[in-house]
Every structure is written in structure tokens, then in C-alpha cells.
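Some notes on the structure that comes next.
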Amino acid sequence: MALMLKVPANCIVVQQSKRAFLDGAGTSRLGATSTNRKQRVSSSSSLAINMIPKMSISAVPNQRDDKSMSKNKIDIPIMVNGCSGKMGKAIIQAADSAGLGVVPVSFGSAEESGQTVQVGATEILVHGPSERESTLASLLEKYPNLIVVDFTVPSAVNGNAELYGKVGVPFVMGTTGGDRDQLYKTVEDSKVYAVISPQMGKQVVAFLAAMEIMAEQFPGAFSGYSLQVMESHQSSKVDTSGTAKAVISCFQKLGVCFNMEQIQLIRDPQQQIKMVGVPEEHLSGHAFHMYHLTSPDQTVSFEFQHNVCGRSIYAEGTVDAVIFLAKKVHSGADKRIYNMMDVLREGNMRS
């Protein structure tokens, strides 16, 4: 069984899954009691499980010609912090295609201070930590409708939120990590508008929402079933996917007994190509997840899979979040803190 989502045709292609690659001993079950440690699959590991190919959802970079995009500018100036990173650059390109105005200023580390980052036709000057508050205040004065987009590093989450709240600038934060409780408290106290979500991919968020609804309405529906989870990301990602943890928490509510330490991480590029089926050009940026459920007698199985190549799905979602937040600011909405579920519920998203 595969879960199908209705998504824009130019962002998603449906393709036949090659195999479901899970570490095992030739059985269709992971053996939930066999290990209590995270299993990082090495190049020497034996990935012996064969499963019947399923239909999967794979998000690939948007191939639209920039010339076909609307040339109308939207009066929403954005500042992209973390512009030197791959995610930051993808957001700038998506924002430019959508008609948003990217201001030529960004915040970075002390080492990046003074550097200029070129993204397409946009040239951005990076400012270090010591200049942040005065620089942001000047930008807000120059661009009253300014919205900050934050894709920096986990260690900067709380400090950046404090800065945005102090200056009074709305922001969209896709950066993971940090003290999340403190993050929300900071935003609440400052009363600044914000969209905070570690997952900006609209279709992935919709999938998560569907899982949460199922878990809420049908608790215990999969009691006794065993669960196998594999996630593959670029080798630079050392932690476990937050999306995978969120999906697993739903399965746990559905009655599945599973320890987060049993998630199998695949980070070896050769295995990603040969066994997972990641296109070589996307080894540096992908997210392939597979969740396989098996009944106690092994006569019934369910499989959920979502494969993302590149970063366009997250960049496009971020742009939608910016436009959504700008509307909330303009209308003076009572609610100040939002997430991507709120953006989805609002509708009217770009294709």
C-alpha cells in the first residue's frame, strides 16, 4: 500500500519504487527487539530484504522556465539569513521567481562577515554578529514590510529569534534545533508575527497532517504490527530526520511498538545510489523515507514512502509561508505564531 498525495504536477512525479532497503537477516521484519541502537548502515552492511515494488511519491526540483513566471513584483521585501547555504540560495531563487524582492543584506557567521554572495542576479552582502541589531533596524526602517527568512544553524535559533523580536520584524524560520520552548516563549513575549516550522515542504506537511488525523481518530488500529523505518539523507546530515520522528510518533499512537533508536540511517553515497535509488546528482540534497508495517502473522503489510530530491519543495513552501505571513501582518491578525499546517489550511497556495 502506498499513500498518494494530490500535488502540483510540475513538482511531483510518481515513479515505481525499486526496492525497500532495510537492514535485516532475509526476513520482512526488522526484529524490533534485536537492537536498541540507531543503525547507521555502512558500506559493508548487508541489505538483504526484498519487497514487492510499491508506488512512491518523489519530489524533484521544479523545472519551470523562469521566463514563464509572472513578472509582477509583490511588495514583500525579504531578508534571507543563511544565504550562503544551499537552502538559502534555493529560497532566494524561488523568491525571485515568485516576484518577491530579496534585500541585498544577510546575516552570517563572523567568518562570513564582509563576504558577498551571488545568487543569480542578486548580490548579497553578509554581515557578522556584531552588526546585526543596527543593520536589521535600518533595514526595517527602509523596508517597513520586511520579513526575515531564517535558515541558519541550530545554535543560532534562539539568539536570532530574540533579535527579530527585539527589533520587531516578522520572520519565517525553517531552522531546526535550539531550545524550542524558549523559542516560542520569545516570540509570544515580543508579540512579533512568525511562521515556525522545521518542515517547509507543503506536500510532506500534508502527509504528516493526514498521519496525525489517522492517529487521533483510530488509536490502536495497528496494535501488534511491527514497524521498519529507513531514512536516507545527504552525508552531511548527522542527525535523524525530525519528519521521520513525527511520523513514527503517529504510528506509536496507532498501537505500534517502536523505539526511535531503531531508525535506520543511510548516509553512505554508494548505498544511496545502488540500493536506495537516489539519483547521483541529488546525493548532496535529498530525503528518502520508507515506513513498512507488518502484521503479527506476516500476512498483511503496509508501506508509506516519500522521496524528495533537491530543495525546491522546501524553498517553494517557504515562499508560500512568507506570503501567508505578510497577509497576517497586514490584516493585524490576533494570532501571532503559525506553522506550515496553518499555511496549508489557508489555501490559495501557488502551484
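These numbers come from the heavy atoms of this one structure, side chains and all, not from hydrogens, waters or symmetry mates.
At least one donor-acceptor pair closer than 3.5 Å links the side chain of Asn158 to the backbone N or O of Asp179. No donor-acceptor pair closer than 3.5 Å links the side chain of Ser97 to the backbone N or O of Ala94. Of the possible polar contacts, none joining the Gln182 side chain to the Tyr184 backbone as a donor-acceptor pair under 3.5 Å is found. Remark: the backbone N or O of Gln298 is not paired with any side-chain donor or acceptor of Thr294 at under 3.5 angstrom. Of the possible polar contacts, none joining the Thr175 side chain to the Val157 backbone as a donor-acceptor pair under 3.5 Å is found. Side chain of Ser106 to main chain of Val80: a donor-acceptor pair is present (N/O by atom type, distance under 3.5 Å, no hydrogens or angles). At least one donor-acceptor pair under 3.5 Å links the side chain of Gln272 to the backbone N or O of Ile266.
Residues Thr243 and Gln199 have side chains that bring a donor and an acceptor to within less than 3.5 angstrom of each other. Side-chain contact check for Glu112 and Ser84: at least one donor-acceptor pair (N or O, by modelled atom type) lies under 3.5 Å. Remark: the His292 side chain and the Glu303 side chain contain an N/O donor-acceptor pair separated by less than 3.5 Å. Side-chain contact check for Gln234 and Ser236: no donor-acceptor pair (N or O, by modelled atom type) lies under 3.5 Å. No hydrogens or angles considered: nothing links the side chains of Thr116 and Glu123 as a donor-acceptor pair under 3.5 Å. In this model, no donor atom of one side chain and acceptor atom of the other lie less than 3.5 Å apart for Thr152 and Asn81.
You'll find the side chain of Met340 reaches within 4.5 Å of the side chain of Met200, heavy atoms only. Looking only at side-chain heavy atoms (C-beta outward), Val187 and Arg336 stay at 4.5 Å or farther from each other. Residues Val343 and Lys202 form no side-chain contact, since every pair of their non-hydrogen atoms from C-beta on lies 4.5 Å or further apart. In this structure the side chain of Leu208 reaches within 4.5 angstrom of the side chain of Val247, judged on heavy atoms. In this structure the side chain of Asp342 reaches within 4.5 angstrom of the side chain of Lys335, judged on heavy atoms. Ile76 is not listed as a side-chain neighbour of Asn145, based on a closest heavy-atom distance of 4.5 Å or more. For the pair Cys250 and Glu212, the minimum side-chain heavy-atom distance is below 4.5 Å.
Leu293 and Met211 fall within a single hydrophobic cluster, where Ile, Leu, Val, Met, Phe, Trp and Tyr are joined by side-chain heavy atoms under 4.5 Å apart, directly or via other members. Side-chain heavy atoms closer than 4.5 Å link hydrophobic residues (I, L, V, M, F, W, Y) into clusters, and following such links, possibly through other members, connects Val126 to Met87. No single ILVMFWY cluster, assembled from side-chain heavy atoms under 4.5 Å apart, contains both Val105 and Ile92. At a threshold of 4.5 Å between side-chain heavy atoms, the hydrophobic network of Ile, Leu, Val, Met, Phe, Trp and Tyr places Leu136 and Ile91 in two separate groups. At a threshold of 4.5 Å between side-chain heavy atoms, the hydrophobic network of Ile, Leu, Val, Met, Phe, Trp and Tyr places Val103 and Val322 in two separate groups.
Taking CD of Gln262 as the start and CG of Leu227 as the end, the distance is 8.0 Å to the nearest 0.5 Å. The distance from the CZ atom of Phe258 to the CD1 atom of Ile263 is 5.5 Å, given to the nearest 0.5 Å. To the nearest 0.5 Å, the span separating CG on Asp150 from CE on Met79 amounts to 9.5 Å. With rounding to the nearest 0.5 Å, the separation of CD1 in Ile337 from CE in Met173 is 11.5 Å. For the atom pair CG (Asp268) and NZ (Lys274), the distance works out to 9.0 Å, reported to the nearest 0.5 Å. In this structure, Gln252 CD and Asn259 CG are separated by 8.0 Å, a value rounded to the nearest 0.5 Å.
For the residue pair Tyr143 and Pro77, the shortest heavy atom distance occurs at CB-CG, 3.7 Å. Residues Ser241 and His289 approach most closely at OG-CE1, 2.9 Å, considering heavy atoms. Taking all atoms of both residues into account, the shortest heavy-atom contact from His233 to Ala287 is CE1-CB, 3.3 Å. Ser331 and Lys328 make their closest contact through OG-O, 3.2 Å (heavy atoms, listed as atom of the first residue, atom of the second, distance). The two residues Pro269 and Leu283 come nearest to each other via the heavy atoms O-CD2, 3.9 Å. The two atoms that bring Leu163 and Glu133 nearest to each other are CD1-CA, 3.7 Å, heavy atoms only.
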| message | Run the salt bridge (Lys or Arg N to Asp or Glu O under 4.0 Å) test on Asp189 and Lys191 for me, step by step, so that the C-alpha distance in whole Å, both residues' side-chain angles and the decisive distance to 0.1 Å come before the verdict. | response | CA-CA 6 Å; Asp189 292 345; Lys191 302 194 183 304; over 6 Å; no
| side-chain contact (heavy atoms from CB on, under 4.5 Å) between Val148 and Phe107, worked out | CA-CA 10 Å; Val148 170; Phe107 292 152; over 6 Å; no
| request: Begin from the C-alpha positions of His286 and Val276 and carry the test side-chain contact (heavy atoms from CB on, under 4.5 Å) through to its verdict. | output: CA-CA 11 Å; His286 71 277; Val276 182; over 6 Å; no
| said: Under the criterion side-chain contact (heavy atoms from CB on, under 4.5 Å), I'd like the reasoning laid out for Leu183 against Arg180: C-alpha separation, chi angles, the key distance, then a yes or no. | reply: CA-CA 5 Å; Leu183 168 62; Arg180 305 307 280 191; 3.8 Å; yes
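For Gln118, the CD atom sits in a packed shell: over 12 heavy atoms of surrounding residues, nucleotides or ligands are nearer than 6.0 Å. Atom CD of Glu281 has more than 12 neighbouring heavy atoms from other residues, nucleotides or ligands inside a 6.0 Å radius.
Salt bridge annotation for Glu231-Arg267: present, with a cationic side-chain nitrogen under 4.0 angstrom from a carboxylate oxygen.
Phe251 pairs in a ring pair (Phe, Tyr, Trp, His ring centres under 6.0 Å) with only one of the listed residues (Tyr225, Phe304, Phe302, Phe218), which is Phe304.
Using the six-membered ring where Trp is involved, Phe207 and His306 have ring planes that are tilted, between 30° and 60° apart. Below 30°, between 30° and 60°, or above 60°: for Phe171 and Tyr164 the angle between ring planes is between 30° and 60°, a tilted geometry.
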